[in-house]
Amino acid sequence: MAMRRVVAAAALLACVLLPMAVSPVSGRNITAILDGYKEYKLYSKYLSETKVCDEINSRQSTSMTILVLSNDAMTTLASDAGDSLPAIKNALRLHSVLDYYDRKKVKKYGDESAATLYQATGDAASTTGNVKVVDQEDKNYGFSAATPGARICTVTKEVETHPFKFAILEVTAPIEFDGLFDTPSTSNLTRLLERAGCKVFASLAARSGVLKTYEAAMDKGLTLFAPNDDAFQAKDAPDVKTMSSANLTKLLQYNALPSYYTKTSLKFVKGTLRTLATTKAGVTVVAKGDDVSLDTGKSKSRVADTVVDSVPFCLLTVDSLLVPPELYVGAPEAAPAPAPAEAPQGSPSVAADHAADHKTKKPSSSDASRPIAALAAAGSVVLASLLL
């Protein structure tokens with residue numbers, strides 16, 4: 001009887017302590033995987049610049065096949081796209097297939113059609129965003145665009161295969177079709193805002209001159225969070241009609257980031273992001289499933305829809321106005337704001353944005369050990385009680 005108690009106590013103690021010894025399993029990271037292959041360096045670079053890597057990494061529970069291109073083939077794709085990042089992004093999405101394929105599966109089931117990340121965006125006309133899986137002679141197989149007569153890009157190498165979960169396959173050439181490189185125009189930001197139901201925001205940006213600040217940053221890196229018209233009528237929204245010019249400028253600049261993020265890539269942000277406003281208070285991303293919100297420290301605003309995603313510019317709508325904490329009722333009047341810092345080139349890392357305004361305090365070793373000590377103590381108490 002006593003032996004049974006000892007065994008039971010030991011098992012219970014193991015249940016208490018085991019979680020401390022087991023580290024969480026990391027999900028797949030496409031760029032981290034490709035880092036081990038120099039021949040796909042350029043492909044991986046474009047995945048990062050366009051944020052397509054985040055779209056791939058966000059689908060951890062989805063079976064996927066990534067059709068990669070060698071550095072030479074990727075150079076050809078970039079040239080065909082006119083070196084336009086938005087156009088290249090379309091192509092990279094087309095090469096991200098939403099199902100698992102390898103030689104064995106294709107030879108067993110033959111030709112079929114498969115959806116891609118590009119088809120999932122809704123930007124493709126009809127089913128042109130799909131690809132065809134083609135069983136070729138002998139052991140060969142390949143992929144082509146869904147349009148009639150499209151060339152077949154043969155698989156030259158199965159780089160990595162994790163059956164029915166994830167595969168990376170090298171194909172001979174880029175998969176392309178007429179219209180793949182067509183991208184939306186971003187030349188008229190005011191019209192884009194008005195069509196998205198953000199007429200008040202557009203009017204304020206034009207009247208204050210902040211619209212020119214947005215336009216100057218669009219080619220360098222800009223994420224704009226545009227509140228809809230109803231947001232200005234909310235109970236806790238500031239009265240923009242009586243707001244000083246300096247505070248209105250700060251408010252509008254606070255609704256923008258000097259770097260490129262999509263709704264999906266925001267989910268991977270850790271820490272605080274600095275805005276265009278000359279304020280120490282940035283915004284913190286709160287993500288839960290497909291929902292993404294921005295926390296100012298005073299309130300949260302949900303990121304609703306993507307209006308335009310045109311690397312390195314992204315226009316997103318939000319349900320409520322992002323207000324700097326110092327502009328709330330009772331805060332002192334702000335001094336005239338100097339011109340904002342120039343937006344950085346490309347798409348900077350989240351760590352760089354975080355480091356701009358905040359320094360993370362590292363917990364001491366004694367602090368880190370307290371939860372473990374507490375759990376160990378609790379386990380000892382359980383063990384002792386069961387032995388009595």
Enquirer: Crowded around K132 NZ? As in, over 12 foreign heavy atoms under 6.0 Å?
Expert: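 Atom NZ in K132 is crowded, with more than 12 foreign heavy atoms closer than 6.0 Å.
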Enquirer: Show the nearest heavy-atom pair for residues S301 and S320, with the distance to one decimal.
Expert: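 Minimum heavy-atom separation between S301 and S320: OG-O, 2.8 Å.
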Enquirer: Just so I know, are the side chains of I175 and F143 near enough to count as touching, which here means a heavy-atom distance under 4.5 Å?
Expert: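 Yes, their side chains come closer than 4.5 Å.
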Enquirer: Counting only N and O atoms by type, is there a donor-acceptor contact under 3.5 Å from the side chain of R28 to the main-chain atoms of R59?
Expert: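 The answer is yes, because a donor-acceptor pair under 3.5 Å joins these two groups.
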Enquirer: Between L192 and T186, which heavy-atom pair has the shortest distance, and what is it?
Expert: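 Between these two residues, the closest heavy atoms are CD1-CA, 4.0 Å.
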Enquirer: Closer than 4.0 angstrom, basic N to acidic O: yes or no for K263 and D305?
Expert: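 Salt bridge absent between K263 and D305.
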Enquirer: Looking at S244 and N247, would you say the former's side chain and the latter's main chain have a donor-acceptor pair under 3.5 Å?
Expert: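 Indeed, once roles are kept as given, a pair shorter than 3.5 Å links the two residues.
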Enquirer: Between CG of L248 and CD of Q253, what distance do you get to the nearest 0.5 Å?
Expert: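 Result: 10.0 Å between the selected atoms.
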Enquirer: Any side-chain donor-acceptor pair under 3.5 Å between T76 and S79?
Expert: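 Absent: no donor and acceptor within the cut-off.
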Enquirer: Establish whether L252 and V240 are linked, either directly or via other cluster members, by ILVMFWY side-chain heavy-atom contacts under 4.5 Å.
Expert: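 Yes, same cluster.
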Enquirer: Please report the shortest heavy-atom distance between P174 and A73, naming the atom on each side.
Expert: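 Heavy atoms only, the tightest pair is CG-O, 3.7 Å.
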Enquirer: Does the side chain of T128 come under 3.5 Å of the side chain of S126 through a donor N or O and an acceptor N or O?
Expert: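 Looking only at side-chain atoms, S126 and T128 do not form any donor-acceptor pair under 3.5 Å.
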Enquirer: Should F166 and L98 be regarded as members of a common hydrophobic cluster, given that ILVMFWY residues are connected when their side-chain heavy atoms come within less than 4.5 Å of each other, either directly or indirectly?
Expert: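 Yes, F166 and L98 fall within the same hydrophobic cluster.
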Enquirer: Kindly indicate, with the supporting measurements, whether the criterion side-chain contact (heavy atoms from CB on, under 4.5 Å) is fulfilled by M64 and I56.
Expert: CA-CA 8 Å; M64 293 192 72; I56 295 172; 4.2 Å; yes
Enquirer: Does T75 reach the main-chain N or O of N71 with its side chain, forming a donor-acceptor pair under 3.5 Å?
Expert: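 Here the side-chain-to-backbone pair exists.
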Enquirer: Find the distance between CG (L322) and CG (L327) and round it off to the nearest 0.5 Å.
Expert: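 One finds 12.0 Å between CG of L322 and CG of L327.
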Enquirer: Is there a donor in the side chain of Q136 and an acceptor in the side chain of T154, or the other way round, less than 3.5 Å apart?
Expert: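 Q136 vs T154: donor-acceptor pair found between side chains.
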Enquirer: Out of curiosity, does V134 fall in the hydrophobic cluster containing F177 (side-chain heavy atoms, cut-off under 4.5 Å, transitive links)?
Expert: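 Shared cluster, no.
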Enquirer: Look up atom CD1 in I168 and atom NE2 in H162, then write down how far apart they are to the nearest 0.5 Å.
Expert: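 Between atom CD1 of I168 and atom NE2 of H162 there are 7.0 Å.
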Enquirer: Just to verify, which of T121, L180, T116 counts as forming a side chain to side chain contact (heavy atoms under 4.5 Å, CB included) with R93?
Expert: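 For R93, the side chain to side chain contact (heavy atoms under 4.5 Å, CB included) test succeeds with only one of T121, L180, T116, which is T121.
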Enquirer: Answer whether the closest heavy-atom distance between the side chains of N255 and T275 falls below 4.5 Å.
Expert: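 In short, these two side chains do not touch, never coming nearer than 4.5 Å.
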Enquirer: Hydrogens and angles aside, do Y260 and E49 bring a side-chain donor and acceptor to less than 3.5 Å of each other?
Expert: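 Their side chains do not contain a donor-acceptor pair, so the 3.5 Å distance test is not met.
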Enquirer: Do the side chains of E326 and K250 get close enough for a salt bridge, i.e. N-O under 4.0 angstrom?
Expert: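 Here E326 pairs with K250 in a salt bridge, since their nearest N and O are under 4.0 Å apart.
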Enquirer: Mark yes or no for whether Y254, through its side chain, and G282, through its backbone, hold a donor-acceptor pair below 3.5 Å.
Expert: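 Between the backbone of G282 and the side chain of Y254 there is a qualifying donor-acceptor contact (under 3.5 Å).
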Enquirer: In the single-linkage hydrophobic clustering (I, L, V, M, F, W, Y; side-chain heavy atoms under 4.5 Å), do V171 and I33 co-cluster?
Expert: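 Cluster IDs for V171 and I33 match.
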Enquirer: In plain terms, say whether K157 and E39 are close enough for a salt bridge, that is, a side-chain N and a carboxylate O under 4.0 Å apart.
Expert: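 A salt bridge links K157 with E39.
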Enquirer: With side chains defined as the heavy atoms from C-beta onward, is the minimum distance between L316 and L224 less than 4.5 Å?
Expert: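 Of all side-chain heavy-atom pairs linking L224 with L316, none is under 4.5 Å.
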Enquirer: Which residue pairs pass the side-chain hydrogen bond (donor to acceptor under 3.5 Å, both in side chains) test with at least one member in residues 138-151, sequence neighbours excluded?
Expert: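 Listed once each, the pairs are Y141-E158.
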Enquirer: Are D295 and R302 within salt-bridge range, i.e. N to O under 4.0 Å?
Expert: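 Salt bridge between D295 and R302, a charged N being under 4.0 Å from a carboxylate O: no.
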Enquirer: Of all heavy-atom pairs between V133 and A114, which one has the smallest distance, and what is that distance?
Expert: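 Shortest heavy-atom separation between V133 and A114 comes out as CG2-CB, 4.3 Å.
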Enquirer: Under the criterion side-chain contact (heavy atoms from CB on, under 4.5 Å), I'd like the reasoning laid out for V323 against T296: C-alpha separation, chi angles, the key distance, then a yes or no.
Expert: CA-CA 7 Å; V323 183; T296 67; 6.0 Å; no
Enquirer: To the nearest 0.5 Å, what is the distance between CG on L273 and OG1 on T284?
Expert: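 Spacing of CG (L273) from OG1 (T284) equals 7.5 Å.
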Enquirer: Measuring from N90:CG to D309:CG, what's the distance to the nearest 0.5 Å?
Expert: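 One gets 9.0 Å once the value is rounded to the nearest 0.5 Å.
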Enquirer: Quick one: are Y100 and D102 in side-chain contact, heavy atoms under 4.5 Å?
Expert: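 The answer is yes; the side chains approach within 4.5 Å.
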Enquirer: Does the distance from a Lys or Arg side-chain N to an Asp or Glu carboxylate O, for K199 and D229, drop under 4.0 Å?
Expert: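 Between D229 and K199 there is no salt bridge, as every charged N stays at least 4.0 Å from the carboxylate O atoms.
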Enquirer: Please determine whether a side-chain nitrogen of the Lys or Arg among D290 and K267 lies less than 4.0 Å from a carboxylate oxygen of the Asp or Glu.
Expert: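 Salt bridge: yes.
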Enquirer: Is any side-chain heavy atom of L77 closer than 4.5 Å to a side-chain heavy atom of E176?
Expert: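 Of all side-chain heavy-atom pairs linking E176 with L77, at least one is under 4.5 Å.
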Enquirer: Determine whether more than 12 heavy atoms belonging to other residues, nucleotides or ligands lie under 6.0 Å from atom NZ of K107.
Expert: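 Yes, the 6.0 Å shell around NZ holds more than 12 heavy atoms from other groups.
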Enquirer: Could you check whether any side-chain heavy atom of Q119 comes within less than 4.5 Å of a side-chain heavy atom of L117, counting everything from C-beta outward?
Expert: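 Not in contact.
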Enquirer: Any side-chain to backbone donor/acceptor pair from N57 onto C53? Under 3.5 Å, distance only.
Expert: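 The answer is yes, because a donor-acceptor pair under 3.5 Å joins these two groups.
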Enquirer: Do I66 and I30 touch side chain to side chain, with heavy atoms closer than 4.5 Å?
Expert: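 I66 reaches I30 side chain to side chain.
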Enquirer: I'd like to know whether N130 forms a side-chain contact (heavy atoms from CB on, under 4.5 Å) with Y118, so could you lay out the CA-CA distance, the side-chain angles of the two residues, the decisive distance to 0.1 Å, and finally the verdict.
Expert: CA-CA 8 Å; N130 290 341; Y118 183 55; over 6 Å; no
Enquirer: Stepwise, does the side-chain contact (heavy atoms from CB on, under 4.5 Å) test hold for N228 with F201?
Expert: CA-CA 7 Å; N228 56 44; F201 187 77; over 6 Å; no
Enquirer: Checking D319 side chain against P227 main chain: does a donor-acceptor pair fall under 3.5 Å?
Expert: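 A pair under 3.5 Å: no.
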Enquirer: Within a strict 4.5 Å, meaning less than it, do heavy atoms of the L222 and L276 side chains meet?
Expert: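 L222 vs L276: side chains touch.
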Enquirer: Would the number of heavy atoms belonging to other residues, nucleotides or ligands and lying under 6.0 Å from CG of D83 be above 12?
Expert: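 Yes, because the 6.0 Å sphere around CG of D83 holds more than 12 heavy atoms from other groups.
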Enquirer: Without hydrogens or angle criteria, can the side chains of T264 and E55 be said to hold a donor-acceptor pair below 3.5 Å?
Expert: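 No, E55 and T264 have no side-chain donor paired with an acceptor closer than 3.5 Å.
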Enquirer: We want to know whether D291 and S293 form a side-chain donor-acceptor pair, criterion being a heavy-atom distance below 3.5 angstrom.
Expert: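 No.
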Enquirer: With distance as the sole criterion, is a donor-acceptor pair present between the side chains of E112 and Y101 under 3.5 Å?
Expert: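 Yes, because at least one side-chain N or O of E112 sits under 3.5 Å from a partner of the opposite role on Y101.
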Enquirer: Please name the pair of heavy atoms, one in A237 and one in F232, separated by the smallest distance, quoted to 0.1 Å.
Expert: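 It is CB-O, 3.9 Å.
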Enquirer: If I compare all heavy atoms of T127 with all of A146, which pair ends up nearest, and what's the gap?
Expert: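 What the structure gives for the nearest pair is O-CB, 3.7 Å.
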Enquirer: When hydrophobic residues are tied together by side-chain contacts of less than 4.5 Å, even through go-betweens, does Y43 share a cluster with V159?
Expert: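 Linked, Y43 and V159 end up in one cluster.
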Enquirer: CE of M74 to OG of S44: how many Å apart, nearest 0.5 Å?
Expert: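 Output value for this atom pair is 11.0 Å.
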